[in-house]
There are 2 protein chains.
Amino acid sequence: MTDPSPSTKKRILDAAGEIFGKMGFKDATIRRIAMAAEVNIAAINYHFRDKEGLYGEVLEEVFRTGFTRFPATMDLPADAEPRERLRAFIRAMFYRLQSGEGWGGIAGKGKLIARELLDPSPAFEAVLDRYIKPHKDLLTAIIVDIMQFNPGPEKVLPCAISVIGQCIYYAFASAVIGKISAGDAPTEANLDRLADFVWLFSLGGIEAIKQTNFPAKDSP
Amino acid sequence: MTDPSPSTKKRILDAAGEIFGKMGFKDATIRRIAMAAEVNIAAINYHFRDKEGLYGEVLEEVFRTGFTRFPATMDLPADAEPRERLRAFIRAMFYRLQSGEGWGGIAGKGKLIARELLDPSPAFEAVLDRYIKPHKDLLTAIIVDIMQFNPGPEKVLPCAISVIGQCIYYAFASAVIGKISAGDAPTEANLDRLADFVWLFSLGGIEAIKQTNFPAKDSP
DNA sequence: AACAGAATAAAACAATTGTTTGAATTGAGC
DNA sequence: GCTCAATTCAAACAATTGTTTTATTCTGTT
């Protein structure tokens, strides 16, 4: 029941990840998934109860493999130079989101993650607690280390959001980015360049926030 | 034919904008739209040919009204201090995306824009040329002014992407942001604060990029 | 008043959806 | 070799979808 034949259930999960990613929950039909996985339609309901059950397991597996393959520390020791830890964090995000070994960007399962951010499914709640919240805590700790003191959440959290926002936006809008600025759409070849840009930009942004009194009532 | 009764067609457009925004193209059924607009189902096909035709007109109207109500210059003169022009640009993005007078954020038509960025519909191409590309050109011009010289597109364009990325991310992921950092989800009340944060952060980022040699092969 | 074309309405259409049914097949364990 | 549960399969189900059809009402012009 919990450990079925290694073939059918796993094949369904793989095909479903691909197709849910490309087309979204609604457009991905179980007939299409079944055809891609080369299984009978009823096998999906048999193994996963219903379409939502299948989606939930796909989501969990996608996050698990992504964060396992590209951990946010990039195997950097926890006491490394904080700016390098930020660099590793950003690089991990880019590789996790965009690379073929990761979620494959907008052409693959990256789209599935983007869609969950846009409007979360019921299954997303679990993923949020297990992966995203610890991920956020790590980033805020890095930012505090870079600032060399803790300026309070009203500065640190928006910084974290800005860092993550840049990374996600590349994954999210790469179709439009490609049409507007062809060289800056994320590809396997320029992930390092893009990640380093976001890193440098963010270091400047964090430094600026550190030195300003924010929120401020008056405009400079 | 082109200028029908001011009631029916307009009512369909309004209801469709609302419902397409909330539920996406696929989940928004014409029956639901017809019911919300209080018109007969067939009226939609009569006035807009088919569902795709309706969606195309909705998209065009949403962008037109959004950019008209909140122009990226915020009525600032073109020769104003470049940093203030950046502030106006970012503020316009936040208000356009998030405010009730604009696209109403993730609860309203903002979701529709986000979905188009994620995977563009055929109707998006026109919107891209008419609204988004000029918008990008304006931002890059502001960035060049801030840097006081033109460091070339390999620096300016990623800066523009980082600025826009932060703004869009707040619109895009506000559901998740709210769950992770409650005070930083965009609401009508804190748009100014968030916009100013992104502004300060971006000024720091732009300054940092200006002073670095990028792209660089070596890591600092 | 009479007509023509635009606009609205109710009903039906064909296609596709997720799910279920019930029979056939497989594969260990005794 | 038999049994029984787990699995797979083909077929059918009910519900929902976008669209079309046909008839009716409205509106402005002669």
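The sequence lines fix the lettering, A, B, ..., with proteins before strands; numbering per chain opens at 1.
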Does [X] make a side-chain N or O approach to OP1 or OP2 of [N] shorter than 4.0 Å?
X        : N       : result
Asn40(A) : dA10(D) : yes
His47(A) : dT8(D)  : yes
Thr8(B)  : dA7(C)  : no

Distance in angstrom units between [X] [atom1] and [N] [atom2], rounded:
X        : N       : atom1 : atom2 : value
Tyr46(B) : dT25(D) : OH    : P     : 17 Å
Lys10(B) : dA7(C)  : NZ    : P     : 17 Å
Ile41(A) : dC9(D)  : CD1   : C1'   : 10 Å
Ile12(B) : dA9(C)  : CD1   : C1'   : 13 Å

(request) Measure from the ring center of Trp103(A) to the ring center of Phe63(A) and say whether it is less than 6.0 Å. (result) yes
(request) Go through the side-chain N and O atoms of Asn190(B) and Thr187(B) and say whether any donor and acceptor fall under 3.5 Å apart. (result)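 Per modelled atom types, Asn190(B) and Thr187(B) side chains form a pair under 3.5 Å.
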(message) Near DNA chain C, counting only heavy atoms under 4.0 Å, which residues of residues 48-60 of chain B show up?
(response) none
(message) Can you pull out the residues from residues 24-38 of chain A that lie within a 4.0 Å heavy-atom distance of DNA chain C?
(response)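 Those residues are Ala28(A), Thr29(A), Ile30(A), Arg31(A).
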(message) Just to verify, what does Arg32(B) make a side-chain hydrogen bond (donor to acceptor under 3.5 Å, both in side chains) with, not counting sequence neighbours?
(response)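 By the side-chain hydrogen bond (donor to acceptor under 3.5 Å, both in side chains) rule, Arg32(B) matches no residue at all.
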(message) Base, sugar-phosphate or nothing for Ala42(A)? Non-hydrogen atoms, less than 4.0 Å.
(response)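 Here Ala42(A) touches the bases of the nucleic acid.
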(request) Begin with the C-alpha distance, continue with both residues' side-chain angles, and end with the deciding distance and a verdict on side-chain contact (heavy atoms from CB on, under 4.5 Å) for Thr73(B) and Leu138(B). (result) CA-CA 9 Å; Thr73(B) 62; Leu138(B) 172 62; 4.1 Å; yes
Quick one: salt bridge (charged side-chain N to carboxylate O under 4.0 Å, His left out) partners of [X], sequence neighbours excluded?
X         : answer
Glu60(B)  : Arg130(B)
Arg115(B) : none
Glu116(B) : none

(message) Is the ring pair Phe25(B)/Phe20(B) parallel, tilted or perpendicular, if the boundaries are 30 and 60 degrees?
(response) parallel
